[in-house]
2 protein chains.
Amino acid sequence: MSEKIDSPLKLHNFLPYRLSVLSNRVSQAIADKYNQRFDLSLPEWRIMAVLGEFPDISAGEVAEKTAMDKVAVSRAVSKLLDKGNIERHFAEDDKRRSVLALSETGISIYNEIVPIAVGYEDLILDHLSDDERVLLRNLFDRLDQIQLQI
Amino acid sequence: MSEKIDSPLKLHNFLPYRLSVLSNRVSQAIADKYNQRFDLSLPEWRIMAVLGEFPDISAGEVAEKTAMDKVAVSRAVSKLLDKGNIERHFAEDDKRRSVLALSETGISIYNEIVPIAVGYEDLILDHLSDDERVLLRNLFDRLDQIQLQI
DNA sequence: TGAAAAAGGTTTCTAATGTAACTAATATTG
DNA sequence: CAATATTAGTTACATTAGAAACCTTTTTCA
């Protein structure tokens, strides 16, 4: 009973695969930059990015907003504290809850990285028409809603 | 000299970030499925997928087609050999070069997984109109061309 | 030719990541 | 109000992934 392939999957046309390859390529390109220039890992930069936008939130809120899990946040936070890029104190009404914010150093690094990150985004967006950009954003909004865990 | 943030980055509108979150969500959902049902990691499944489409190619060609690096391929290949999902022999004209293919077992697993994977893809594509699907494919084709390593 | 370089893979050593168990603080409820 | 459960975050252990060194075979070219 020699098995035969029913219908081959065309990998390079398979949406999840293409999504993964493109995403890795883009993330890697940006990560390379702030990795070498600012000694930051992607999770570390991601936390700085969210603290730049939302100062004084807790580790849990960071995890929520960055789609990272709490262990990854905890580890990256402690490295950022070591490097002096962020500051931490604890909530008065709940001594477990941390309150995180960029330090002076963190802010100046943030100010340097943001234009680089935006530059990479533009590198991509430049290849798209206005209509396509709107549509892409719209697509993401809808795809983010889809329930996948079956 | 108290630092101020020049212009905050809106993370949840930042294309590379959105790409990464969506990609991870989709990959994770599919991976969970064949992980529990067939004891396969994502790199392992990816190799099986490419061998289903292109039988009798070398590890190097697998790496190329899957956008994986050669170490990852080597490791996943050896696990797939252990599990009996693939077979390996070596090229006669070049004893270094491996020639990889799905085994009988591998093919029957492949035949089971493909519909599941396609099902997930459809779960996503169902949310898109025909026009949007065409545009999305077109977008990927163009974005894949962009040179990012500056 | 035959020495050096390159190609195809594998192994080793280290760093990153995920899961589960843990500590401390707060909330719940019998 | 004490016992129990829950929450926030950390630590420990196991697995995975990446970089560099490595072994073999093949190619190059002096």
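Values below: all heavy atoms of this structure, side chains included; hydrogens, waters and symmetry mates excluded. Below, read A as the first sequence line, B as the second, and so on, with proteins coming before strands; counting in each chain starts at 1. Note that this is a predicted model, so its numbers are computed, not measured.
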**OP:** Check the pair B/S20 / A/R46 against side chain to side chain donor-acceptor pair (under 3.5 Å), numbers first and verdict last.
**Re:** CA-CA 12 Å; B/S20 158; A/R46 209 166 255 189; 3.0 Å; yes
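- Among the atoms of the strands shown, only primed sugar atoms or phosphate atoms (P, OP1, OP2) are found under 4.0 Å from some heavy atom of B/K95.
- Within the 4.0 angstrom heavy-atom criterion, only backbone atoms of the sugar-phosphate kind lie near A/S98; the bases stay farther away.
- Both A/D94 and A/R75 lie near DNA chain D, and the one whose nearest nucleotide falls closer to the 5' end is A/D94.
- If B/E61 and A/P43 are placed on DNA chain C by their nearest nucleotide, the residue sitting closer to the 5' end is B/E61.
- Between A/V73 and A/R96, the residue anchored nearer the 5' end of DNA chain D, judged by the nucleotide with its closest heavy atom, is A/R96.
- We find that CG of B/D69 is positioned 13 Å from P of C/dG9, with the value rounded to whole Å.
- Phosphate proximity of C/dG8 to B/R88: absent, as no side-chain N or O sits under 4.0 Å from OP1 or OP2.
- Nucleic acid contact for A/S58: sugar-phosphate only, since backbone atoms but no base atoms lie under 4.0 Å from a heavy atom of the residue.
- Environment of NZ in A/K79: sparse, with no more than 12 heavy atoms of neighbouring residues, nucleotides or ligands closer than 6.0 Å.
- Residue-level contact check: B/A72 touches neither bases nor backbone, having no heavy atom under 4.0 Å from any strand.
- Nearest heavy atoms, B/G106 versus B/M48: O-CE, 3.4 Å.
- Side-chain proximity of B/A59 to D/dA8, D/dA19, C/dG9: nearest is C/dG9.
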